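The model shown is predicted, which means the values in this text are computed figures rather than measured ones. For the single chain, residues carry numbers from 1 onward in sequence order. Each ligand, and each atom within it, is numbered from 1 in the order the structure gives.
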Amino acid sequence: MADLKIKFLGHEFKNPVIPASGCFGFGYEFSDYYDINILGSISCKGTTLKPRYGNPLPRIAECPAGLINSIGLQNPGVDKVISEELVKLDKVYKDKVIANVGGHSVSDYVETVKKFNDCDKVLAIELNISCPNVTGGGMAFGVDPEVAKNLVAEVKKVAIKPIIVKLSPNVTDIVKMAKAVVEGGADAISLINTLVGMRINLKTGEPIIHVKKGGYSGPGIFPVALRMVYEVSHAVDVPVIGMGGIQTAYDVLEMMYAGASLVMVGAQNLVDPYACKKIIDDLPNVMKEYNIEKLEDIIGRCK
Ligand code: SIN
């Protein structure tokens with residue numbers, strides 16, 4: 001029988017498939033479609049210290065192989081996430097989840113991470129230093145190695161949960177960024193967030209997205225994500241979560257051969273709310289097709 005279990009940060013995941021932050025709400029919203037307890041875990045909607053209404057509309061632009069989003073970290077703020085959203089999630093999902101934390105300043109990140117210290121539902125924090133859709137924060141922390149390292153070091157001083165740092169692909173040297181956050185104390189790395197892109201409305205000659213640019217994700221970025229996961233996982237000694245354009249169980253195997261211990265599925269959930277379920281259902285057959293008995297055995301096997 002195919003063995004899908006993965007050990008990661010001391011926790012056993014029943015399979016490596018996790019919906020990516022921002023593409024699956026707080027998780028419970030999808031429980032009307034299927035029993036979400038089949039998921040390896042859930043990376044919850046990006047959370048900030050204070051509530052955020054997000055960017056003005058339009059904030060989505062469709063592309064041939066994906067979409068551009070400029071949501072702007074819309075969320076009810078960490079206190080409500082803990083007291084309301086995660087409570088609703090706990091009623092329909094029994095495992096622990098990953099909290100995704102964004103911010104505008106070092107103290108924003110530090111204070112938000114501190115609030116999750118006592119939250120039993122949360123297994124680890126994914127530190128989002130790669131959101132391209134907010135000014136004065138987000139990706140600004142994720143494109144300079146020293147700034148990123150210092151942020152991670154400050155967060156690590158207060159964090160009780162393991163810290164997974166989510167990297168931006170919008171840099172010239174992803175390995176340099178990965179090494180910097182590991183020096184800062186990152187327990188794991190997730191990558192990639194979206195690539196900065198734009199579309200223009202030919203009727204008006206103006207950008208479709210209200211704030212002009214946004215983050216491009218979807219199957220079009222899969223080869224870029226795979227390359228970056230490969231480079232990073234072979235350069236650092238912390239585990240890596242791979243994401244970017246994953247659509248199928250075949251893509252999951254590629255990501256794991258490249259070096260991902262776990263994978264996150266993002267934009268595909270917006271195309272098909274059953275995407276993660278289909279991938280999990282298909283994995284045993286696809287493993288059999290390639291004579292893989294234990295999924296853990298293929299992590300980083302591509303040299
Ligand atoms: C957003 O809320 O704008 C997207 C989050 C992200 O790209 O990190």
Just to be sure I read this right, does ligand 1 sit under 4.0 Å from the backbone of Asn69, its side chain, both, or neither, counting only heavy atoms? side chain

Shortest protein contact, [atom] (heavy atom only):
atom	answer
atom 8 (O) of ligand 1	Asn128 ND2, 2.7 Å
atom 7 (O) of ligand 1	Asn193 OD1, 3.2 Å
atom 2 (O) of ligand 1	Leu73 N, 2.7 Å
atom 5 (C) of ligand 1	Cys131 SG, 3.7 Å

Return yes when atom NZ of Lys50 has more than 12 non-hydrogen atoms of other residues, nucleotides or ligands closer than 6.0 Å, and no otherwise.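 Count not over threshold, so no.
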
At a 4.0 Å cut-off, with the gap strictly under it, does some heavy atom of Gly22 reach an atom of ligand 1? no

For ligand 1, find out whether one of its N or O atoms is nearer than 3.5 Å to an N or O atom of [X].
X	answer
Ser70	no
Ser130	no
Pro132	no

Under a 3.5 Å threshold, yes or no: a donor from one side chain and an acceptor from the other, between Asn133 and Asn69? yes

Would you kindly say whether Thr47 and Asn100 are connected by a side-chain donor-acceptor distance under 3.5 Å? no

Do Tyr28 and Tyr93 have their ring centres less than 6.0 Å from each other? no

Phe141 and Tyr109: aromatic ring centres closer than 6.0 Å? yes

Tyr34 and Phe24 aromatic ring geometry - parallel, tilted or perpendicular at 30°/60° bounds: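 Because their plane-to-plane angle lies in the 30° to 60° range, the rings of Phe24 and Tyr34 count as tilted.
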
Under 4.0 Å to a heavy atom of Gly72 - the qualifying atoms of ligand 1, by number: 1 (C), 2 (O), 3 (O)

By number and element, which atoms of ligand 1 are closer than 4.0 Å to a non-hydrogen atom of Asn133? 1 (C), 3 (O), 4 (C)

Walk me through whether Lys88 and Glu84 qualify under salt bridge (Lys or Arg N to Asp or Glu O under 4.0 Å). CA-CA 6 Å; Lys88 284 187 212 164; Glu84 294 179 16; 5.4 Å; no

Donor-acceptor contact below 3.5 Å, side chain Asp297 vs main chain Leu295: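 Absent.
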
